[in-house]
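Data block below; observations after.
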Amino acid sequence: MAKTKEEREQRRLEAKARAEKRKAAKDATKQQKALNGDTNDATTNDSKLNSNDLRKNLPISKEHNSSLEMLNLPIDALSRVMRYLPAREFGAVSLSCTGLNLTLGGCRVSHISSRLMRREDEEGKQSTCGSMCLVGGLQLCVDRKEAQEILDRSFVAGGGESNRLVSKKMKLSRKKNPIGDTDADEYPAYARFVEEATLGYSAMQCTRDALFPTHVQGRFASCSPEHTLLRMGGGGNTTSGPGGSGVASWGVGKRGQLGFGKREDEAEPRLLLNKIGWGIRIVQVAAGGGLVRVAHSLLLTSTGRVLSFGTAQYGALGHGYDAGKQLSDVLRPRYIDALKGEKCICVAAGELHSGVVTIDGDVYTFGEGFCGQLGQGDRRPQLLPKQVTLGGLEDECVANMSMGCRHTLVTTDDGDVYSWGLGRFGVLGRSYTDFTYNNDVGMAVPDGEEGHVVGVAARPPPMQEAEMDNIIDAANNDGTNDIIAALDALNLTLDDPSDQCYPKVIDSLQGVRCVGVSAGHRHSMVLDEFGGLYTFGSGASGALGHGDMLGQEFPIKVQEFDNMRVRIHQFSAGVDMSMAVDTQGTVYAWGKASEGRLGLGMGRLQTALPREVDMGDAKFRAVDVECGYVHSLIVGLDGSVYQCGGVGVDGQDDGQQDVDIEENQRGLPRLLSGFNIWHRIAEPKEKVVKEQWKKYGKYELKGRSKMMQEGVRSIG
């Protein structure tokens, strides 16, 4: 602070010079406006009549604002420019200029509507907005007014209190102008969610051009028969940071598949900690497991790294042996070190095996391979990720993949579909040769209306006691060669020439460009570029949607959707049940429907044809669905999440557990109150319980300082 008279005078002159400089800049701007008016009167008149002219809303005292060329555009022209920017760049532009963010309300509506509805040009041709692989695109709203309603609804969707972060600037803006655009800072996060849901666009941080696959399972949620993973939360305190970068999990947790570090069940969604969502951004989740009471989880980060946790018994986590050559369960998310040199863009989890797709289109698999589900040309397990190079897949660029109980499906950039694994029930969609040692072992089969597991599909021939002892002794002595010799003596080998053990293209889909696959427990689904859905495999409970319970060994198109002129955008295959979302956001379900697992009510046990799911809200639009065994999830365009059915935890029965729900609402989709995928929230802190001193008899464990003090007192 100036203390002398000369210093105060110097400061006054500097302030006067700054004021004159601002005035000169203001006069120059007026002269430029007048010059533009002389050369283009029409533009001047339009800008005077257009109340949306941005220039009058900007603080002219900021010199850098007046030099930005884009600010000389009327808002209608600026809206056209901003419409083509991805959400991430839109947020960067809106935050780069003082005052610009609060004046882009109309631009935001135009920006979001271009992702939600088809447009017609002067010749009446429709643009292909929506999924980049879906010809014709989406129609989730009909006009800008409805787009504005969707945008307003998204900020409060989810019910309850989602603890959405609001910047200090927006809080101050609400006090000054309660009816103004007070959610400007939150829009980029919502736009990024919409682009992932409709366009499949999620810029990865692996390389500049790395994009997320367009149609992929587990984009926002993933269900196994026992547990659920859901992207939500995250974003931290950065105003343009995306929500939905964290993960919540719930269900049965006895094998550590929930990732909380404990073997405990969770009845409601609970956020993972350890910087998941706050420093580590998650872009895809995969919940693996089956009807044999094992489960594991995979998480894909925006940097292309993969985390896994849960059951390690079969090698499905990809960590290999730990100390002592054990396969110990992992209770918290842990990076797969064997993949640290690869940048992954897709992950998938089956019942006992897992896989990833890299940015180069390569496929790596690991886990149990006794049914050929790893595609390595044999039936050996793989404790570490190993690239699939057989069947011509090494020459293909794989786009995405999905894993079922004992089989695997992938699509390529050219639109071909490859399948491998256990071909029982026709889940491969092609003909195949039998295994040399012919046993379809280990595939649990649900049976009856109650859906209890009654056994496996087939069992291997019984061994003699002496033969079994030889194999056990060889295993205990870690004698790999002795194990192979013992198996050879029984005519049992893990080398198998069957084409179930390596990738093979589905010939019947040649000529059809496919963009997505979903592998269920014992049936499969494929989506083509025109929104047509093909199903094959077991027809139990009508899971194929053809109007009967018959199985199909080759892909058959679901004719009911063609009859209704419905095109599918997202879909999911579970355990004898299926769900899909069309291009207008309507949800359809078919297959096993008992206990409300499909959201069709409690009175329907099964349906062999697709039926529309009543969401209880005419304005609700869905963007994704995921099926498990006794439950399923529906993700809304506004970020809300609905659950159908439920997994029994802590010894409870499966099905909806709400005792307060009205009778006429039982079996219908239930809103997960207080949860919204895209809302940015503050990072929760893990509570650390301070251990108390434990007493053993009359003695007490004490700290070193306390013991020293007592020792000094005793000496004195």
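All residue numbers refer to positions in the sequence shown, counting from 1.
Annotation: cation-pi pair Arg379/Phe435 present, NZ/CZ under 6.0 Å from the ring centroid and within 45° of its normal. Relative to the six-membered ring of Phe220, Arg231 misses at least one condition, a distance below 6.0 Å or an angle of at most 45° to the axis. With a 6.0 Å cutoff to the six-membered ring centre and a 45° limit on the axis angle, Arg611 does not count as a cation-pi contact of Tyr588. Seen from the ring of Phe309, Arg332 does not count as a face-on cation partner, given the 6.0 Å and 45° thresholds.
Of the candidates Val625, Val647, Leu230, Leu633, Cys223 forms a side-chain contact (heavy atoms from CB on, under 4.5 Å) with just one, namely Leu633. Checked against Glu351 for a side-chain hydrogen bond (donor to acceptor under 3.5 Å, both in side chains), the options His296, Gln373, Arg406 give a single hit: Arg406.
The main-chain N or O of His215 is never found under 3.5 Å from a side-chain atom of Gln570 such that the two would form a donor-acceptor pair. In this structure a side-chain-to-backbone donor-acceptor pair under 3.5 Å is present from Asp548 to Leu550.
We find that Asp329 and Arg263 are joined by a salt bridge, their nearest charged nitrogen and carboxylate oxygen being less than 4.0 Å apart. Salt-bridge annotation for Asp576 and Arg522: present, with a side-chain N of the basic residue lying under 4.0 Å from a carboxylate O of the acidic one.
Heavy atoms only, all atoms of each residue included: Leu298 and Ser354 are closest at CD1-CB, 3.7 Å. Of all heavy-atom pairs spanning Ser431 and Lys504, the tightest one is O-NZ, 4.5 Å.
For Lys340, the salt bridge (charged side-chain N to carboxylate O under 4.0 Å, His left out) criterion is met by no residue, not counting sequence neighbours.
Annotation: Glu560, atom CD; neighbour count of heavy atoms from other residues, nucleotides and ligands within 6.0 Å is above 12.
You'll find the ring centres of Phe561 and Trp590 inside the 6.0 Å limit.
The structure places CG of Leu544 at 7.0 Å from OG of Ser578, a figure rounded to the nearest 0.5 Å.
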